[in-house]
A.B. asks: 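Please read through the structure below; I'll follow up with questions.
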Amino acid sequence: MTMDQLFIHLVLRLRHYPEAAVLWSLIRVDDDGECKTSAYEMAHNRLDGIIDRISAQRAFKVLKAKELIKTRIHKNTATLVKVNREAVLDLLENGEEFFDWLPGQFNEEVGFLKAWDERRQAKAAAQTISTHESEPESESGSVPGSMPK
């Protein structure tokens, strides 16, 4: 199983995106020890702002209540968090079974995705052209970084 597949399994099992994102992030750094973090650090640094600090705080509380993580406060500045591996493994192994093709893991190319890729490539190309056109010309009349005439 890949980390991508694990995340999808966590979202499907927990049925809550912020909880799955926080738990997934903790599993990524878990080395059978405690991890020092805070709600702000989790939301803005580890998860790059995909959830806010309040959602991260709630996720910590819910994951602790479900006994999927254990927490300790460290000098009122950070929380020491440890993933309860057995509880997470039980969560993943018990309950309803999911098919081999999970949402997000379906590799067949469809027309919609082709159109989206073409649109993204066209926008990237247009942005590159627009960036080059807006660069100031040097005194010799050539664009900085370009080949001399």
Side-chain angles (χ1 to χ4, degrees), residues 1-136 143-146:
M1 178 178 292
T2 65
M3 287 300 288
D4 293 344
Q5 292 169 328
L6 173 63
F7 180 70
I8 292 168
H9 274 282
L10 291 173
V11 169
L12 292 171
R13 297 285 185 202
L14 295 170
R15 298 186 188 326
H16 195 255
Y17 185 84
E19 292 168 23
V22 168
L23 184 56
W24 179 84
S25 177
L26 292 169
I27 290 170
R28 276 184 55 212
V29 298
D30 183 42
D31 57 357
D32 282 338
E34 290 179 316
C35 161
K36 185 177 176 182
T37 190
S38 67
Y40 179 87
E41 197 263 338
M42 176 62 70
H44 296 285
N45 297 337
R46 292 183 188 218
L47 295 173
D48 203 24
I50 60 169
I51 64 171
D52 61 24
R53 181 185 57 82
I54 302 298
S55 297
Q57 279 179 322
R58 282 190 210 121
F60 279 127
K61 286 180 186 178
V62 171
L63 293 171
K64 185 177 178 181
K66 292 180 178 180
E67 299 181 355
L68 296 171
I69 62 171
K70 298 173 185 175
T71 62
R72 279 189 316 127
I73 302 300
H74 177 67
K75 298 181 184 177
N76 293 329
T77 57
T79 303
L80 296 172
V81 182
K82 180 171 176 61
V83 174
N84 182 347
R85 284 187 177 201
E86 289 304 313
V88 174
L89 290 171
D90 288 345
L91 173 76
L92 294 171
E93 292 173 355
N94 297 330
E96 60 189 91
E97 289 299 316
F98 296 107
F99 298 105
D100 289 336
W101 58 271
L102 294 171
Q105 296 297 309
F106 198 61
N107 291 325
E108 184 176 315
E109 194 168 312
V110 294
F112 176 82
L113 295 177
K114 227 183 254 187
W116 188 30
D117 283 341
E118 289 169 2
R119 177 185 245 181
R120 290 174 55 203
Q121 289 170 358
K123 281 184 179 180
Q127 187 175 14
T128 302
I129 291 169
S130 136
T131 302
H132 289 299
E133 288 175 351
S134 65
E135 289 181 354
V143 176
S146 67

A.B. asks: K66 and L14: side-chain contact (heavy atoms from CB on, under 4.5 Å), yes or no, with the steps?
C.D. replies: CA-CA 10 Å; K66 292 180 178 180; L14 295 170; 4.0 Å; yes
A.B. asks: Side-chain contact, heavy-atom cut-off 4.5 Å: T71 with L63?
C.D. replies: no
A.B. asks: Check for a donor-acceptor pair, side chain of W24 on one end and backbone N or O of M3 on the other, with a separation under 3.5 Å.
C.D. replies: yes
A.B. asks: My understanding is that only one of V83, D90, V22, L91 makes a side-chain contact (heavy atoms from CB on, under 4.5 Å) with L68; could you say which?
C.D. replies: L91
A.B. asks: Write down the atom of A56, the atom of A39, and the distance for their closest heavy-atom approach.
C.D. replies: CB-O, 3.6 Å
A.B. asks: When rounded to the nearest 0.5 angstrom, what is the spacing between CD in Q5 and CG in L10?
C.D. replies: 12.0 Å
A.B. asks: Evaluate V29 against T37 for side-chain contact (heavy atoms from CB on, under 4.5 Å), listing each step before the verdict.
C.D. replies: CA-CA 11 Å; V29 298; T37 190; over 6 Å; no
A.B. asks: I need the minimum non-hydrogen distance between R28 and R46, along with the two atoms involved.
C.D. replies: NH1-O, 4.5 Å
A.B. asks: So do L26 and F60 actually touch side chain to side chain, heavy atoms under 4.5 Å?
C.D. replies: yes
A.B. asks: Looking at CZ of F7 and CG of L12, how far apart are the two atoms once the value is rounded to the nearest 0.5 Å?
C.D. replies: 10.0 Å
A.B. asks: Could you measure the distance from the CG atom of L6 to the CZ atom of R13? Nearest 0.5 Å is fine.
C.D. replies: 11.0 Å
A.B. asks: Please tell me if the side chains of Y17 and I50 come closer than 4.5 Å, counting only heavy atoms from C-beta onward.
C.D. replies: yes
A.B. asks: Quick check for you: to the nearest 0.5 Å, what is the distance between L92 atom CG and R85 atom CZ?
C.D. replies: 12.5 Å
A.B. asks: Compare every heavy atom of A21 with every heavy atom of L47, then report the nearest pair and how far apart it is.
C.D. replies: CD2-O, 3.7 Å
A.B. asks: To the nearest 0.5 Å, what is the distance between NE2 (H16) and CG (L23)?
C.D. replies: 13.5 Å
A.B. asks: Looking only at non-hydrogen atoms, find the nearest pair between N84 and E67 and report the distance.
C.D. replies: ND2-O, 3.0 Å
A.B. asks: Can you measure from CZ (R58) to CZ (R53) and round to the nearest 0.5 angstrom?
C.D. replies: 10.0 Å
A.B. asks: What are the two closest non-hydrogen atoms of M42 and S25, and how far apart are they?
C.D. replies: SD-OG, 3.6 Å
